[in-house]
J.: 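A single structure is presented below for examination.
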Amino acid sequence: MRETEGFMYRLGEISDRQRVRIGSGLLVLGTLALALGVFVVHWALYPETVFVNGEFQPYVVDYFNWMPRGWIPKTAGYLIAFAGSQFMVVGAALVWILNQKMTWARAAFAAFVTWVEFVIIIAIVPSEWLNLAQTDLDWSSQRIAFTIPPWLVLGNEIEVSFAVLKDAISGAYNTSLLVIIPFIAYKLQEIGKPRPAGAEKAKISPYGRPLVKGDS
């Protein structure tokens with residue numbers, strides 16, 4: 001908890017040069033990662049084989065035929081694109097919102113960035129998880145994930161399908177957001193506030209980085 005508080009205070013104390021440099025770097029890195037993720041997902045969606053003249057043959061697609069296909073590269077592309085989107089959101093917040101005088105225009109932009117983040121983590125992520133589980137992974141109600149030992153359920157045999165597991169993961173993710181989002185929103189209020197009495201302000205090195213006292 002103290003590490004989180006210290007991080008929030010340091011965010012409010014970074015210089016404008018650091019803020020713009022780090023934020024711009026994250027925006028560029030996020031844009032490249034998002035483009036790469038979309039590219040990987042696009043080519044991973046092509047089938048590996050196609051049924052022609054009564055038999056399966058390799059499906060060839062122009063000069064990008066070397067790109068891997070299937071649910072593994074598709075999932076990797078989703079993760080890369082998600083990481084890129086988070087870099088872009090944080091970068092935009094650093095460049096145009098953090099430690100800046102709040103105006104109506106900046107408040108509207110901050111609300112837009114927050115809305116984009118909510119759309120990504122609350123709508124897109126769980127939706128794409130359900131799409132992946134129902135299609136590529138085939139986590140249907142006909143497939144059994146595991147069987148509960150009879151001695152745990154009064155001698156009964158209870159089978160849990162992959163569909164139940166899929167919905168449990170989705171429910172756990174959405175439920176955790178109900179705790180994580182308010183916590184992050186609460187901690188963000190500490191940015192820009194003065195440090196509490198007795199809290200030592202971070203010392204900055206000649207290179208612009210905070211100095212951390214090590215164990216002797």
Side-chain angles (χ1 to χ4, degrees), residues 3-4 7-8 10-11 14 18-50 58-98 109-140 143 145 162-163 165-181 183-185 187-188 209:
E3 289 76 6
T4 304
F7 176 74
M8 294 301 175
R10 286 196 294 272
L11 276 179
I14 65 174
Q18 287 179 306
R19 174 179 57 79
V20 174
R21 185 176 71 247
I22 297 174
S24 300
L26 288 175
L27 280 172
V28 173
L29 181 61
T31 302
L32 295 176
L34 182 61
L36 175 61
V38 172
F39 177 79
V40 171
V41 171
H42 174 75
W43 292 102
L45 289 174
Y46 281 104
E48 296 180 313
T49 60
V50 61
Y59 186 74
V60 180
V61 285
D62 54 52
Y63 41 84
F64 285 118
N65 192 63
W66 56 270
M67 287 288 296
R69 302 169 203 173
W71 73 269
I72 294 180
K74 178 182 176 181
T75 303
Y78 278 140
L79 294 176
I80 294 172
F82 175 73
S85 69
Q86 298 309 287
F87 288 155
M88 295 180 69
V89 168
V90 174
L94 287 175
V95 173
W96 292 297
I97 301 174
L98 181 67
F109 180 75
F112 171 74
V113 172
T114 304
W115 173 81
V116 169
E117 177 68 357
F118 282 172
V119 168
I120 293 173
I121 65 175
I122 297 178
I124 296 179
V125 170
S127 174
E128 291 304 325
W129 158 248
L130 293 177
N131 289 335
L132 177 67
Q134 293 171 352
T135 56
D136 299 83
L137 300 182
D138 190 23
W139 283 18
S140 64
R143 297 183 59 198
F162 275 98
L165 191 60
K166 169 202 67 181
D167 293 335
I169 294 175
S170 178
Y173 172 81
N174 288 284
T175 302
S176 65
L177 290 182
L178 297 178
V179 178
I180 295 174
I181 292 176
F183 174 76
I184 294 177
K187 300 303 292 185
L188 287 175
R209 303 187 63 181

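Small disclaimer: the values here were computed from a predicted structure and weren't measured.
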J.: Could you pull out the closest heavy-atom pair between Tyr46 and Arg69, with the gap in Å?
T.: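 Nearest pair, atom of Tyr46 first, then Arg69: O-CD, 3.2 Å.
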J.: Is it true that, when you exclude Phe162 itself, more than 12 heavy atoms of the residues, nucleotides or ligands shown sit nearer than 6.0 Å to its CZ?
T.: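 It does: Phe162 CZ has more than 12 such atoms within range.
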J.: Of all the heavy-atom pairs spanning Val20 and Ser24, show the shortest one and how long it is.
T.: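 Shortest heavy-atom separation between Val20 and Ser24 comes out as O-OG, 2.7 Å.
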J.: What is the distance from atom OH of Tyr78 to atom CH2 of Trp71, rounded to the nearest 0.5 Å?
T.: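 Answer rounded to 0.5 Å: 13.5 Å.
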J.: Quick one: closest heavy-atom pair of Lys166 and Ala133, and the distance?
T.: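 So the minimum-distance heavy-atom pair works out to CG-CB, 3.6 Å.
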J.: Start with the C-alpha gap between Asp136 and Thr75, add the side-chain angles, then the distance that decides, and say whether side-chain contact (heavy atoms from CB on, under 4.5 Å) holds.
T.: CA-CA 10 Å; Asp136 299 83; Thr75 303; over 6 Å; no
J.: May I ask you to decide if Ala172's main-chain N or O and Thr175's side chain share a donor-acceptor pair within less than 3.5 Å?
T.: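 Answer holds: no.
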J.: If you take all heavy atoms of Val40 and Met67, which pair is closest and at what distance?
T.: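 Looking at all heavy atoms of both residues, the closest pair is CA-CE, 4.0 Å.
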J.: Between Gln86 and Ile120, which heavy-atom pair has the shortest distance, and what is it?
T.: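 In terms of heavy atoms, the two residues are closest at NE2-CG2, 3.8 Å.
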J.: Working to the nearest 0.5 Å, report the span between CD1 of Ile14 and CG of Leu94.
T.: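 It comes to 6.0 Å.
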J.: Look up atom CG in Asn131 and atom CG in Leu137, then write down how far apart they are to the nearest 0.5 Å.
T.: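 Asn131 atom CG to Leu137 atom CG measures 11.0 Å (nearest 0.5 Å).
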J.: In this structure, is the centre-to-centre distance between the rings of Trp129 and Tyr173 below 6.0 Å?
T.: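 No, ring centres 6.0 Å or more apart.
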J.: With rounding to the nearest 0.5 Å, note down the distance linking CD1 in Ile97 to OG1 in Thr114.
T.: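 One gets 6.5 Å once the value is rounded to the nearest 0.5 Å.
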J.: Quick check: closest heavy atoms across Thr135 and Lys74, and the distance to 0.1 Å?
T.: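 Smallest heavy-atom distance, with atoms named: OG1-NZ, 4.4 Å.
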J.: Which value, rounded to the nearest 0.5 Å, describes the distance between Leu36 atom CG and Leu32 atom CG?
T.: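 That separation rounds to 8.5 Å.
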J.: Is any side-chain heavy atom of Ile169 closer than 4.5 Å to one of Trp139?
T.: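 SC-SC contact between Trp139 and Ile169 confirmed.
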J.: Roughly how far, to the nearest 0.5 Å, is CG of Asn174 from CD1 of Ile122?
T.: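 These two atoms lie 8.0 Å from each other.
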J.: Within a strict 4.5 Å, meaning less than it, do heavy atoms of the Ile124 and Phe82 side chains meet?
T.: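 Heavy-atom side-chain distance check fails, nothing below 4.5 Å.
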